[in-house]
Amino acid sequence: MDLSSQVRVRFAPSPTGYLHVGGARTALFNWLFARNKGGQFVLRIEDTDMERSSEESYRAIVEDMRWLGLDWDEGPKVGGDYGPYFQSERRPIYSEWCQRLLNEGKAYRCFCSQDDLKRMREELRRLGKDIKYDRRCRDLSSDEVSQRLDAGKPFVVRFKAPLSGQTIVEDIVKGNITFENSTLDDFILLKSDGYPTYNFACVIDDMLMKISHVIRGDDHLSNTPKQILIYRAFGATPPRFAHVPMIMGPDRTRLSKRHGATSVGQFREDGYLPEAMVNYLALLGWSYDDATTLFAREDLIAKFSLEKVSSTPAVFDYAKLQWLNGEYMKRRPISDRAHLVVPHLIRAGLVHEPLSAELKAYIGRVVDVVGERLKVGNQIVELADFFFKDEISYDEDVAGILKQHHVPAVLKLLEDRLEKLDGFAAASIEKVMRGLVSEMGLKTGQLFQPVRIALTGKKHSPDLLRIMEVLGKERVIARLKLARKKALEMQ
RNA sequence: GUCCCCGUCGUCUAGCCCGGUCUAGGACAUCGCCCUUUCACGGCGGCAACACGGGUUCGAAUCCCGUCGGGGACACCA
């Protein structure tokens, strides 16, 4: 295959925190694009910030990517022909390419200290001027340079940005964007510790890794002209760019922790499904038509295109994600759901490891009874805690129902009849209860509601009859007795 | 402050490039009704948007200009 037409994209997180939903969506778009085009998806770790990078973050990112099913063709753990895939291991490469720029007079050493620069910036800010380096080291004579070098003065390497002309970013989602070169800074390529800055490392890697399309958040848009200039300085052709709008919180600022859960890992722990997450994220900034909402992974791959990516920022909608998760939850077999729910039951102290085969089967029956009410894994606790408690606690708003005068007598009657029942199937329980209702001339709810409270402690619950069947005769009768006692006290 | 991006129901969006088919469609959320042992599901229905102002045109959500609003970037962070 002709390499120049081969699609190669990358996701390049810096391991300075967990995988954020914004990052995850960027990764997803890259992945979808690669899979759609039959290209390669590269994972590259941008760990040039020694202060903030951590092994733990790296691991978490890899784990979350795998959970989402975003597999990479090249990168950590899988290798590839263009490695290493950790920027921290590519230092010699950056110095080499930087040296080339220096030799050709396209970059220069700057000896200004960080304090000097900080002071200059403050001054400019005060005057309301453009905040840029004043280029005082740009035209140092070679004598001056070697003098300072000999004196052991620390330096950074800066790019000699053109002072006039324009740089045009041809963006697939935003269109053509023109930047005046005069607004560009002589930005830093190599820091004084020898590590490259983001803009430099990113270009060198994308160039050397033969990345064809750079798909990333539009917060990088203003970096793009700088990067294009670096490609040109090397006589290289820049990749195609696609800047996707960012994900916002409800207040329309960048989505962050204060808006709620933002890390993929958090959603996973809360009991969200990866396919729901992928589907939701795909729809945040991309759509296929005016009707389709549910996309299986293969549909997404088949239908994804950068042209259909929206250019407007999107607000992250927790409610819609939850709904979508519910849709996928329904589609999962009971056994999956039962499995998914276990960690939440454990965390709530409702069950304890190790789980017996019996208990596992019981959880399956519970999940079956709870049915479609369970949209997110962690909801199992509020929905079904009473299945796992010996003593149930009554909700506050429940007193009004238990207080009713007919309750104690009716509960007593029910106890007696259930006692005599052969077996304890929902159908036979229903006969007893309906019979009682008509004999006593009650409305259905007048019996069912007190019973519901007796068994669950709540006003709302899944189907009562099925709950009773799963709970079993003994526990049902015990709970009825207890509720009757409570009701009596309230009379 | 400077540069850049963006502006259709509360939210995600379709429509915009190639003006009329848009009394602007769908989904989530919300409200009401039906179903019903409650909740959920399901069914039916309601509320709800082209930021504003000028052009261009027989005709503008769609094209042009301006205003306003929001966001992002301006680090030896990525």
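Computed over heavy atoms, backbone and side chain alike; hydrogens, waters and symmetry mates excluded. Since the structure is predicted, the reported quantities are computational estimates derived from the model, not experimental observations. To find a chain, count down the sequence lines: A is the first, B the second, and so on, and within it residues start at 1.
Here A/Asn223 lies in heavy-atom contact (under 4.0 Å) with a base. A/Lys375 comes within 4.0 angstrom of the backbone, heavy atoms only, and of no base. Across all strands, A/Arg52 comes closer than 4.0 Å to base atoms (heavy-atom distances). Note on A/Gly371: nothing from the nucleic acid sits closer than 4.0 angstrom, heavy atoms only. Note on A/Ser192: a base of the nucleic acid sits closer than 4.0 angstrom, heavy atoms only. Within the nucleic acid shown, A/Thr48 comes within 4.0 Å of sugar-phosphate atoms alone, with no base atom in reach, counting heavy atoms only. Contact annotation for A/Ile131: base contact, defined as any heavy-atom pair under 4.0 Å involving a base atom. Among the atoms of the strands shown, only primed sugar atoms or phosphate atoms (P, OP1, OP2) are found under 4.0 Å from some heavy atom of A/Lys308. Looking at heavy-atom distances under 4.0 Å, A/Gln114 makes contact with a base. Within 4.0 Å (heavy atoms only), A/Phe187 reaches no atom of the nucleic acid at all. If you check every strand for non-hydrogen atoms under 4.0 Å, A/Thr253 touches sugar and phosphate atoms only.
Look at CG on A/Leu465: it is 12 Å from P on B/rU38, rounded to the nearest Å.
Ion pair A/Asp385/A/Lys458 flagged as a salt bridge, since at least one NZ, NE, NH1 or NH2 atom sits closer than 4.0 Å to an Asp/Glu carboxylate oxygen.
You'll find the ring centres of A/Phe304 and A/Phe29 inside the 6.0 Å limit.
For the pair A/Arg44 and A/Tyr85, the cation-pi test (distance below 6.0 Å, angle within 45°) is failed.
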